[in-house]
There are 2 protein chains.
Amino acid sequence: MKVLIADDDPQILRALRIMLTARGYDVLTARTGAEALNEAITHHPELVMLDLGMPELNGIEVIEGLRGWSQVPILVVSGRTDSADKVDALDAGADDYVTKPFAADELLARIRALTRRTPTVSDEPVIRFGPIAVDLAARQVLRSTEAGSEIVRLTPTEWQVLDVLVRNPRRLVTRQTLLTEVWGPQYTSDTGYLRLYLAQLRKKLEPVPSHPRYLVTEAGMGYRFMPDADDPANN
Amino acid sequence: MKVLIADDDPQILRALRIMLTARGYDVLTARTGAEALNEAITHHPELVMLDLGMPELNGIEVIEGLRGWSQVPILVVSGRTDSADKVDALDAGADDYVTKPFAADELLARIRALTRRTPTVSDEPVIRFGPIAVDLAARQVLRSTEAGSEIVRLTPTEWQVLDVLVRNPRRLVTRQTLLTEVWGPQYTSDTGYLRLYLAQLRKKLEPVPSHPRYLVTEAGMGYRFMPDADDPANN
DNA sequence: GTCGGTCCTAACGCATCCCTAACGCAGGCG
DNA sequence: CGCCTGCGTTAGGGATGCGTTAGGACCGAC
């Protein structure tokens with residue numbers, strides 16, 4: 001199992017590497033936030049351990065950068081004990097937060113708990129409907145035309161909205177969950193931008209945007225992604 | 001979102017209930033391990049907060065009992081700070097571990113982190129009667145016809161009424177309960193719209209809307225959902 | 001400084017939904 | 001037998017929600 005450790009302190013990096021290697025983990029390391037993002041993109045680790053106080057990009061920015069395209073479990077290991085730091089990191093997308101100094105066996109148990117819960121998030125990370133193919137891992141959308149296939153460009157926000165919807169096929173996603181998933185837990189009332197992004201997504205993905213077939217709206221409740229009826233991906 | 005809190009200390013129970021209720025969570029409580037398991041089985045909460053030192057069954061046993069059939073996120077809130085306790089709880093199946101005393105905002109952030117990750121993989125509460133299948137999780141109603149199945153569209157209010165009824169199979173639901181559940185606690189007298197929505201539901205769901213078989217009215221009292229007699233889902 | 005892209009606000013039709021009002025009908029009761 | 005109460009049903013107005021367009025604020029790149 002590949003684990004990425006990002007910390008600017010070589011001491012900690014070395015200690016963690018030894019501890020995890022001895023337990024059979026494959027350890028990748030990074031010393032800056034930018035380096036951490038690069039490593040994550042190229043090697044797709046199954047767990048990311050992150051320090052908050054790194055140069056170039058701080059921990060929160062790294063979390064947001066990761067969460068833009070990956071569901072990998074993120075464990076923050078930080079010297080900051082202030083609860084505000086914890087709240088910020090967790091709300092940004094981290095899954096757990098451990099303060100230094102930490103007990104080695106507890107850290108290992110938390111790592112086991114995090115990796116246990118995600119036994120391969122999705123064995124089929126590419127979702128197809130109509131002429132569209134959504135590759136969640138590669139963060140890419142392709143539309144097949146008669147002359148091959150073309151790349152559909154989506155903005156970050158459009159991606160997050162689409163991500164939530166396609167991860168819940170056939171299920172109703174309420175306006176509120178969509179808002180909190182994309183814009184954060186403090187957003188609960190819609191002033192109208194959800195409609196906007198749904199319209200843009202439909203313009204880019206639907207065969208007939210004015211008559212949506214896959215990104216269906218349920219009046220007064222929310223939205224729903226309806227896969228093709230013959231799609232074998234049913235779960 | 002339903003949250004089950006299991007703790008033998010009434011003080012903590014009360015504090016947590018207030019804190020979570022204010023944030024919009026539906027709080028269930030239990031004072032013993034056995035009670036916690038019972039509550040979990042009957043109400044299927046989306047998060048379980050657990051104290052380790054409870055009578056009857058200790059925390060670890062409760063975790064194991066839950067994990068036997070449920071993937072619900074488990075957050076341990078315990079006074080024990082020993083790392084061995086944390087390791088045991090986490091390895092038994094808990095997802096996070098917070099020691100008392102805890103910071104309220106951190107606890108809330110951890111709750112958000114835990115519930116965010118699970119897209120409510122909840123067990124499949126599909127209720128069937130006649131040609132109708134009600135999928136509560138997906139918020140979808142299907143009617144099977146000779147040529148496959150078609151989607152039945154329900155308005156939000158129709159959904160809420162149906163939701164209350166099917167969650168109480170064979171039980172009488174008084175007019176007042178229905179009103180307060182759907183329209184809010186201040187509504188107590190019916191000016192006639194309940195009749196309206198029942199009529200619409202019957203028109204959409206009953207085989208013979210003029211002679212209701214599943215959505216039965218009890219004159220002067222309320223309504224009752226009667227499942228098929230041979231339905232194995234009896235609880 | 002300029003430019004392109006993205007995010008959000010505001011406003012306007014339009015469809016849908018909620019609720020009121022009225023009428024018909026059945027059963028209970030004096 | 002006639003009245004009354006409670007429920008089912010229908011139709012229509014008002015309100016809300018949604019899709020759509022246009023335009024300004026903000027930010028990083030060049």
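Computed from a prediction, not measured in an experiment: that's the story for all the values here. Below, chains carry the letters A, B, ... as their sequence lines are ordered, and counting in each starts from 1.
Bracketed by its first and final contacts, the part of DNA chain C lying under 4.0 Å from non-hydrogen atoms of chain A reaches from dT6(C) to dA11(C) in 5' to 3' order.
A distance of 9.5 Å separates CG of Leu198(B) from CG of Leu196(B), quoted to the nearest 0.5 Å. Thr42(A) OG1 to Leu37(A) CG: the interatomic distance, rounded to the nearest 0.5 Å, is 10.5 Å.
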Under a 4.0 Å heavy-atom criterion, the protein footprint on nucleotides 9-22 of chain D, written with B, S and -, is BB------SBBBB-
Letter by letter from the 5' end, nucleotides 24-30 of chain D scores (B base, S sugar-phosphate only, - none; protein heavy atoms under 4.0 Å) -------
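Around atom CZ of Arg175(A), more than 12 heavy atoms belonging to other residues, nucleotides or ligands sit under 6.0 Å away.
Between the side chain of Arg67(A) and the main chain of Val72(A), a donor-acceptor pair closer than 3.5 Å is present. Looking at Asp95(A), its side chain does come within 3.5 Å of a backbone N or O of Ile74(A) through a donor-acceptor pair. Ser149(B) places no side-chain N or O within donor-acceptor distance of the main-chain N or O of Arg143(B), the cut-off being under 3.5 Å. Within the 3.5 Å criterion, the main-chain N or O of Tyr25(A) finds no donor-acceptor partner in the side chain of Lys2(A).
Residues satisfying the ring pair (Phe, Tyr, Trp, His ring centres under 6.0 Å) test with Tyr223(A), not counting sequence neighbours, are none. Applying the salt bridge (charged side-chain N to carboxylate O under 4.0 Å, His left out) criterion to Arg167(B), with sequence neighbours excluded, gives Asp163(B). In this view, Asp135(A) satisfies the salt bridge (charged side-chain N to carboxylate O under 4.0 Å, His left out) rule with no residue, not counting sequence neighbours. Checked against salt bridge (charged side-chain N to carboxylate O under 4.0 Å, His left out), Lys100(A) has the following partners two or more places apart in sequence or in another chain: Asp7(A), Asp51(A).
Terminal axes of the helix from dG1(C)-dC30(D) to dG30(C)-dC1(D) (five pairs each, C1' rotation axis) are separated by 30°, to the nearest 10°.
Residues of residues 153-162 of chain B having a heavy atom closer than 4.0 Å to DNA chain C, listed by number: Arg153(B), Thr155(B), Pro156(B), Thr157(B).
The salt bridge (Lys or Arg N to Asp or Glu O under 4.0 Å) contacts involving residues 192-212 of chain B comprise Glu158(B)-Lys204(B), where partners must be two or more places apart or lie in separate chains. Screening residues 75-90 of chain A for salt bridge (Lys or Arg N to Asp or Glu O under 4.0 Å) gives Arg80(A)-Asp85(A), Lys86(A)-Glu106(B) as the qualifying pairs, with residues at least two apart or on separate chains.
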Hey, can you pull the donor-acceptor pairs under 3.5 Å for the side chains in residues 212-221 of chain B, sequence neighbours left out?
from: Tyr214(B); atom 1: OH; to: Gly130(B); atom 2: N; distance (Å): 3.3
from: Tyr214(B); atom 1: OH; to: Asp228(B); atom 2: OD1; distance (Å): 2.9
from: Glu218(B); atom 1: OE2; to: Arg224(B); atom 2: NE; distance (Å): 3.1

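Ile5(A) places none of its side-chain heavy atoms less than 4.5 Å from the side chain of Leu28(A).
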